[in-house]
Amino acid sequence: MLGQKGMRRRWFRLVVVSIILTISFMLYLDHFRPLIASYPSSSSISSPKPTRVCPDLFTSDNVAVILRTGATESQEKLPVQFDTVMSCVSDFIVYSDFNETVHGFETHDILSGVDEAIKDKATEFALYKHLRDHGREGLSYETMYGSGPSGAEENAGWKLDKWKFLPMVDRALQDRANATWFVFTEGDTYMLWQNMLAYLAKFDATKPYYLGKHMYINNILFGHGGSGFVLSRPAAEIVSHHWRQHMREYDAFTQSEWAGDAILGKVIKDAGIDMFWSFPHLQGDSLTTIDWNVTKLEREPWCYAPTTFHHMNEAEFRQLWKFERQWLTKWGPGGGPAPRFRDIFKSLVLPKLHPEVADWDNLSSGTEYSESALAKLSAEEKNVLDQTEREAHLSFQNCRSACENSPTCLQFSFNNGVCFTSKEVKLGHSVDSSCLEYSNAAGKCIKSSKEGSDPAATAKPGIASGWVMSRIARYVSDLDQSCQNKGEKDWVI
Ligand SMILES: *[C@@H]1O[C@H](CO)[C@@H](O)[C@H](O)[C@H]1NC(C)=O
Ligand SMILES: *[C@@H]1O[C@H](CO)[C@@H](O)[C@H](O)[C@H]1NC(C)=O
Ligand SMILES: *[C@@H]1O[C@H](CO)[C@@H](O)[C@H](O)[C@H]1NC(C)=O
Ligand SMILES: CC(=O)N[C@H]1CO[C@H](CO)[C@@H](O)[C@@H]1O
């Protein structure tokens, strides 16, 4: 039997426990507050809005993200950036060739400090001067989007872009006086913020670091711009100091080169800092073009956590964004394990692979079977072809048979007498989604390079693709197994 004393003790214990619980709950809410800040609490129980979940901040107080863009692409590419990736980034700044407001955010002219003599001499600055003097008014289609067979490459904005890299590093140091990391990214670069933060937390920011996706031009090793690259503060300071000492020299160098990321890479190297090879965390493909087992530096991406994808279009931004939200919702704002390539493949790619998908551009680029490809073979080479290979170009079904008969073939595509088989797994995209880069900015999806030409002329409505599903299952389980053999090592540090 409980005496009065016992009852009181029990009562007391109950009160203490509830106080502790209440405090824990408040702390818990507090923990989440910054993450759910921008949603009005009135969107209550009746209409459960998806909460905007952002990853926990880890070290992000000190990570500044620098988004580099230009007036010829900003209106097309930035809105989805701001709506998705950047909405979780606590501190970012946009550098451009033009001062303007895009989708509510300022873009800052980063070229104002370039020597006026160069602006007069270098033809790339025609666009800059036009923007400075007249704004967007009067920019012709050709100036904005280029012309000729590779419009995007002739884009005046792209040519001007190389001048931004060195001033950008220098300005970022001033504009973000206490950032410890600078992450440099582009309009169509999708950054997985959770993974980026987790990755940077593994490095010592007090040392000079230059993290990049390796690329070479004329024997210069540099971090590819579209894949994103990262400088620690000490690295940025060394580079900026070195640049200021040799500005004339590097202006001349910039004039003679064409790729700004390579120019910066050279200066970083000259300043005595070696690039850290961050593939596959930083990489240059999109969800639709990446070969999911692309192996470089003896690293297969599968087991690793991606921090960037490049060439991402709006639809891909939204898909990956949704995936990240679901991941964070599942694991909480700490994020749980970093999502890896394999998680993204299983969620966003695998469900789209089928034995036959109509109007789907394959990206299969292995063996070609067609009348013309057959005609190029010697008699000897023809002899080793089996029946299915000789007839692969005759129908979708025949193309599939050729793929199935070749033990390493994983996917194939067929279009009007042309069959491609491939040992790589790539998602590809639907035929009508392949607009010319930048053409969306002109308010329409242009599929060929000349404005006004008939899109139907270049669209390939007949194209269909397929995967050998039993082998895809095997591919996934083999790669999963390889991660286990590696002991779940998921960071290159
Ligand atoms: C952008 O604004 C800055 C600061 O106000 C100014 O120095 C620069 O000349 C402007 N750039 C252009 C192209 O108007
Ligand atoms: C960052 O620098 C600004 C001045 O540039 C200063 O006011 C602020 O306190 C600093 N913040 C931190 C976290 O050090
Ligand atoms: C992935 O690529 C590596 C390296 O090329 C290769 O050894 C491995 O067999 C590939 N895995 C699968 C499942 O295709
Ligand atoms: C059959 C067919 O049209 N295949 C296409 C698949 O994609 C590659 C790369 O885009 C094209 O070169 C092929 O023509």
Side-chain angles (χ1 to χ4, degrees), residues 67-75 93-102 105-120 122 124-139 143-144 156-157 160-161 163-164 167-168 170-172 174-175 279-280 283 285 290-304 306 340-342 344-346 349-350 353 363-367 403-404 406-412 421-427 467-486 489-490 492:
L67 180 54
R68 199 187 79 265
T69 187
T72 62
E73 64 159 38
S74 55
Q75 298 197 337
I93 185 161
V94 185
Y95 291 148
S96 178
D97 44 26
F98 190 42
N99 298 319
E100 63 178 337
T101 304
V102 177
F105 293 88
E106 299 296 314
T107 77
H108 304 277
D109 167 21
I110 188 70
L111 296 170
S112 56
V114 175
D115 192 345
E116 285 302 320
I118 289 173
K119 284 181 185 150
D120 286 337
E124 298 91 62
F125 280 94
L127 172 64
Y128 178 79
K129 285 188 278 188
H130 180 106
L131 287 164
R132 191 178 55 186
D133 301 342
H134 310 284
R136 290 181 169 276
E137 212 64 27
L139 275 185
T143 319
M144 288 290 275
L160 180 60
D161 189 57
W163 289 98
K164 293 176 199 149
M168 168 174 84
D170 188 68
R171 250 291 268 294
Q174 299 162 38
D175 285 350
F279 177 88
Q283 54 80 41
D285 271 296
I290 188 172
D291 159 10
W292 289 88
N293 188 29
V294 58
T295 306
K296 293 177 178 158
L297 313 173
E298 295 179 8
R299 300 171 195 159
E300 297 156 19
W302 200 254
C303 322
Y304 293 104
R340 310 185 201 182
F341 282 93
R342 67 182 196 198
I344 292 168
F345 179 87
K346 288 173 193 174
V349 178
L350 191 53
L353 308 186
L363 305 175
S364 295
S365 52
T367 311
C403 183
E404 283 173 346
S406 160
T408 53
C409 179
L410 292 164
Q411 68 176 49
F412 58 94
T421 62
S422 175
K423 299 174 189 176
E424 295 171 350
V425 176
K426 290 183 186 175
L427 175 59
W467 286 266
V468 182
M469 294 311 291
S470 58
R471 290 182 191 157
I472 298 292
R474 182 69 195 272
Y475 173 93
V476 170
S477 69
D478 282 357
L479 288 171
D480 279 349
Q481 187 60 47
S482 77
C483 298
Q484 266 160 36
N485 297 346
K486 267 207 277 283
K489 205 181 113 191
D490 50 2
V492 178

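All heavy atoms count here, side chains included; hydrogens, waters and symmetry mates do not. Indexing begins at 1, ligand by ligand and atom by atom, following the structure's order.
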Quiz item: What pairs with Tyr95 under ring pair (Phe, Tyr, Trp, His ring centres under 6.0 Å), at least two apart in sequence or on another chain?
Solution: none

Quiz item: Can you find a protein heavy atom closer to atom 3 (C) of ligand 1 than 4.0 Å?
Solution: yes

Quiz item: Does Pro301 offer a backbone N or O that forms a donor-acceptor pair with the side chain of Lys296 under 3.5 Å?
Solution: no

Quiz prompt | Phe125/Trp163 aromatic ring centres below 6.0 Å | solution = yes

Quiz item: Are the side chain of Lys119 and the backbone of Leu111 linked by a donor-acceptor contact shorter than 3.5 Å?
Solution: yes

Quiz prompt | Per-atom contacts of ligand 3 with Tyr475, taking only distances under 4.0 Å to non-hydrogen atoms | solution = 13 (C), 14 (O)

Practice problem: Run down the list Ser112, Ser96, Ala71 and name the one with the heavy atom closest to atom 7 (O) of ligand 1. | Solution: Ser112

Quiz item: Who's the nearest protein heavy-atom neighbour of atom 14 (O) of ligand 1, and how far?
Solution: Asn99 ND2, 3.6 Å

Exercise. Could you list which atoms of ligand 3 come closer than 4.0 Å to a heavy atom of Glu300?
Key: 3 (C)

Exercise. Evaluate the ring planes of Phe341 and Trp292, with Trp represented by its six-membered ring, and classify them as parallel (under 30°), tilted (30 to 60°) or perpendicular (over 60°).
Key: perpendicular

Quiz item: Quick one: nearest non-hydrogen protein atom to atom 13 (C) of ligand 1, plus distance?
Solution: Asp109 OD2, 3.3 Å

Exercise. Distance to 0.1 Å, residue and atom name: give those for the protein heavy atom nearest to atom 5 (O) of ligand 3.
Key: Thr295 OG1, 3.9 Å

Quiz item: With sequence neighbours left out, what residues match Tyr304 under ring pair (Phe, Tyr, Trp, His ring centres under 6.0 Å)?
Solution: His281

Quiz item: Which ligand 3 atoms, with their elements, are less than 4.0 angstrom from a heavy-atom of Asn293?
Solution: 1 (C), 2 (O), 3 (C), 8 (C), 10 (C), 11 (N), 12 (C), 14 (O)

Quiz item: For atom 11 (N) of ligand 1, is the nearest protein heavy atom under 4.0 Å away?
Solution: yes

Quiz item: Taking His134 for the side chain and Lys129 for the main chain, is one N or O donor matched with an acceptor at less than 3.5 Å?
Solution: no

Exercise. With heavy atoms only and a cut-off of under 4.0 Å, state how Tyr128 meets ligand 1: side chain, backbone, both or neither.
Key: side chain

